[in-house]
Amino acid sequence: MNHNSNRRYWLMKSEPGTFSLEDLGNSENGVTAWDGVRSYQARNLLRDELKVGDGVLFYHSNIVHPAIVGLARVTREGYPDETAMDPDSDHYDPRASREKPIWYMVDIQYLAKLPAPLTRDRLSSHPVLSAMDVLKKGNRLSVQPVTREQWQAVLDLCRMTDPLV
DNA sequence: GCCAACGTTGGC
DNA sequence: GCCAACGTTGGC
């Protein structure tokens, strides 16, 4: 069966000054560990919900024109975030241990850059994309679920074929 | 267990 | 730079 009925889709936020889509593309094999998430709600998604092959909309936040800028996919499911156990890391958490890691991360891989960023204005004016969590005021989750329809709407707007199929 | 204070996120 | 929204901390 080659139907993708179980595939799910996510939006991941990053400040491009910290880690951009370009940085992802320049990573070895285009793969990076999505470390440093220190929110329990996002942790639960990373640990329990993201699966290999899931699609990721890569979003640049905290800039003049925040936007979806690219596509990625999950290549490794949730595993302990070792930066939490590294005293030299910015994301060190003294409560984390090998027995109780507390924090988890996934690996994601670069797939494509959108021909043009999909800004909040464009998302807000779209019948399907206007419902995205990322547009909701006060939403701070760095990993958010996206529907199949929203994923497809992004591809349609960009006139791209689905890189996961 | 309450809740005020505080820090962070992130659009604008 | 401002500030609303939200999560966390810590005194009681």
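Each chain gets a letter, A, B and so on, in the order its sequence line appears, and its residues count up from 1. When reading the values below, keep in mind they use all heavy atoms of this one structure, side chains included, and skip hydrogens, waters and symmetry mates.
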Study note, to complete from the structure: In short, side-chain hydrogen bond (donor to acceptor under 3.5 Å, both in side chains) pairs touching residues 128-141 of chain A with sequence neighbours left out are A:Asp133-A:Lys136, A:Asn139-A:Gln144
Exercise for review: Using the test salt bridge (charged side-chain N to carboxylate O under 4.0 Å, His left out), find all partners of A:Lys100 that sit at least two apart in sequence or belong to another chain.
Suggested key: none
Revision key, fill the gap. A:Asp54 meets the salt bridge (charged side-chain N to carboxylate O under 4.0 Å, His left out) criterion, sequence neighbours left out, with none
Review point. If you find the nucleotide of DNA chain C closest to A:Asn62 and the one closest to A:Gly138, which residue's nucleotide is nearer the 5' end?
Key: A:Asn62
Point to revise | Pairing residues for A:His60 by the ring pair (Phe, Tyr, Trp, His ring centres under 6.0 Å) criterion, not counting sequence neighbours | key: A:Phe58
Point to revise | Span of DNA chain B in contact with chain A (heavy atoms, under 4.0 Å) | key: B:dG7 to B:dC12
Point to revise | side chain to side chain contact (heavy atoms under 4.5 Å, CB included) against A:Val52, all qualifying residues, sequence neighbours excluded | key: A:Glu77
